[in-house]
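In what follows, a structure is listed as structure tokens, so that the remarks can point back to it.
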Amino acid sequence: LVKEGVECQSSLADIGRVDVITLFHVLEHLEDPLAYLAEFKKHLKPDGYILIEVPNADDALLSLYQNTNFADFTYWSCHLYLYTLTTLRQLAQKAGFKLGFMKQIQRYSLANHLYWLSKGKPGWHYTWSFMEDRELDQRYGEMLANLGIADTIVAKLIV
């Protein structure tokens, strides 16, 4: 696929070296993430990087609220690994990458958390959309990120 000068590939088999590899909610599904990162590194140009987004094992629904239903939902078989800031940093270093940045972001809203806590399942956006408030969600997300318990980790790994 080529669009506006950007070439996207879904397989490393037919490409040479690239500037960027993105892994958005992929790494936690890979059986041997260290081996994959080592392979991806071979396909990056000298100034290339990998942009990674993974669920946070310290997510507030797991660590602060200790929501059993969310834990059952999160720890299903397709998630082979869950990462924290520390474990993702260690994996990156073990694979020989330098850390460009690593931060937490909150993808899901306060309404989502309240729905999980009261109903024990996802679905807030269907029935509780009246609670959506951009400013409130931004402040809630910032608070969770500052506490280290936001739902997502984003990292830039540099060759």
Side-chain angles (χ1 to χ4, degrees), residues 1 3-4 6 8-10 18-34 36-37 40-41 44 48-95 97-159:
L1 173 68
K3 184 175 181 176
E4 298 178 25
V6 175
C8 298
Q9 299 288 334
S10 60
V18 296
D19 297 305
V20 180
I21 294 174
T22 58
L23 302 173
F24 297 115
H25 291 265
V26 171
L27 194 63
E28 67 273 16
H29 299 280
L30 300 178
E31 205 167 292
D32 187 349
L34 184 59
Y36 275 99
L37 288 178
F40 294 151
K41 189 174 181 186
L44 286 169
Y49 62 91
I50 299 178
L51 190 59
I52 295 175
E53 183 178 285
V54 294
N56 182 10
D58 289 331
D59 183 316
L61 284 171
L62 298 169
S63 62
L64 177 64
Y65 305 130
Q66 299 178 357
N67 186 278
T68 305
N69 291 316
F70 184 76
D72 292 343
F73 180 82
T74 299
Y75 298 134
W76 59 303
S77 63
C78 288
H79 284 157
L80 302 177
Y81 299 93
L82 285 180
Y83 298 94
T84 64
L85 291 171
T86 300
T87 59
L88 186 57
R89 181 179 299 109
Q90 289 171 343
L91 179 67
Q93 290 171 342
K94 194 169 186 178
F97 285 95
K98 291 179 267 179
L99 194 58
F101 69 81
M102 184 176 292
K103 66 180 184 174
Q104 290 189 14
I105 60 170
Q106 183 65 27
R107 295 175 65 222
Y108 293 101
S109 68
L110 175 60
N112 173 270
H113 280 191
L114 293 174
Y115 197 86
W116 268 106
L117 293 170
S118 68
K119 305 295 184 190
K121 61 184 178 180
W124 62 274
H125 52 286
Y126 298 116
T127 56
W128 286 13
S129 59
F130 66 91
M131 291 188 66
E132 289 304 302
D133 182 294
R134 177 179 278 168
E135 187 177 328
L136 177 63
D137 290 338
Q138 181 179 348
R139 293 288 301 131
Y140 182 64
E142 289 169 0
M143 179 195 65
L144 294 178
N146 288 338
L147 292 171
I149 56 175
D151 60 26
T152 303
I153 299 170
V154 178
K156 180 179 180 181
L157 311 184
I158 303 169
V159 174

Leu27 and Tyr81, any side-chain heavy atoms less than 4.5 Å apart: no
Close side-chain approach of Leu110 to Arg139, heavy-atom, < 4.5 Å: no
Close side-chain approach of Pro33 and Leu91, heavy atoms under 4.5 Å: yes
Chi angles and distances behind the side chain to side chain contact (heavy atoms under 4.5 Å, CB included) call for Leu117, Phe70: CA-CA 9 Å; Leu117 293 170; Phe70 184 76; over 6 Å; no
Heavy-atom closest pair, residues Asp58 and Gly148: CB-O, 3.6 Å
Test item: Met102 and Ile153 side chains (from C-beta on) under 4.5 Å apart, heavy atoms: yes
Polar side-chain atom of Ser118 near backbone of Leu114 as donor-acceptor pair, under 3.5 Å: yes
Atom pair OH/OG1 of Tyr115 and Thr127 - distance to nearest 0.5 Å: 3.5 Å
Atom pair CG/OG1 of Leu51 and Thr22 - distance to nearest 0.5 Å: 7.0 Å
Atom pair CG/CD1 of Leu44 and Ile21 - distance to nearest 0.5 Å: 4.0 Å
Expected output: side-chain Glu28 to main-chain His79 donor-acceptor under 3.5 Å: no
Atom OH of Tyr65 with >12 non-hydrogen neighbours under 6.0 angstrom: yes
Spatial distance of atom CZ (Arg89) from atom CD (Gln93) [nearest 0.5 Å]: 7.0 Å
Any side-chain heavy-atom pair of Val20 and Tyr49 under 4.5 Å: yes
Rounded distance [0.5 Å steps], CG in Leu80 versus NE2 in His29: 8.0 Å
Side chain to side chain contact (heavy atoms under 4.5 Å, CB included) evaluation trace for Ile52 with Phe97: CA-CA 12 Å; Ile52 295 175; Phe97 285 95; over 6 Å; no
Donor-acceptor contact present, side-chain Asn56 to main-chain Ala150, <3.5 Å: yes
Closest approach of Ser63 to Ile149 (non-hydrogen atoms, all atoms of both residues): OG-CG2, 3.4 Å
Verdict with supporting geometry, Phe40 and Leu23, side chain to side chain contact (heavy atoms under 4.5 Å, CB included): CA-CA 10 Å; Phe40 294 151; Leu23 302 173; 3.6 Å; yes
Heavy-atom side-chain proximity of Phe73 to Asn67 below 4.5 angstrom: no
Parallel, tilted or perpendicular: rings of Tyr140 and His113 (30°, 60°): perpendicular
Full working for side chain to side chain contact (heavy atoms under 4.5 Å, CB included) between His25 and Thr152: CA-CA 9 Å; His25 291 265; Thr152 303; 4.1 Å; yes
Partner set under side chain to side chain contact (heavy atoms under 4.5 Å, CB included) for Glu132, not counting sequence neighbours: Ser109, Ala111, Trp124, Asp137
Least distance between heavy atoms, Leu99 atom then Ala155 atom: CD1-CB, 4.5 Å
Side-chain heavy-atom pair Gln104, Leu144 within 4.5 angstrom cut-off: no
With sequence neighbours excluded, residues passing side chain to side chain contact (heavy atoms under 4.5 Å, CB included) with Asp151: Asp59, Gln106, Arg107, Tyr108
For the student: nearest non-hydrogen atoms of Ala92 and Leu157, plus distance: CB-CD2, 3.5 Å
Heavy-atom pair of closest approach, residues Trp116 and Leu61: CD1-CD1, 3.8 Å
More than 12 heavy atoms from other groups under 6.0 Å of CZ on Phe130: yes
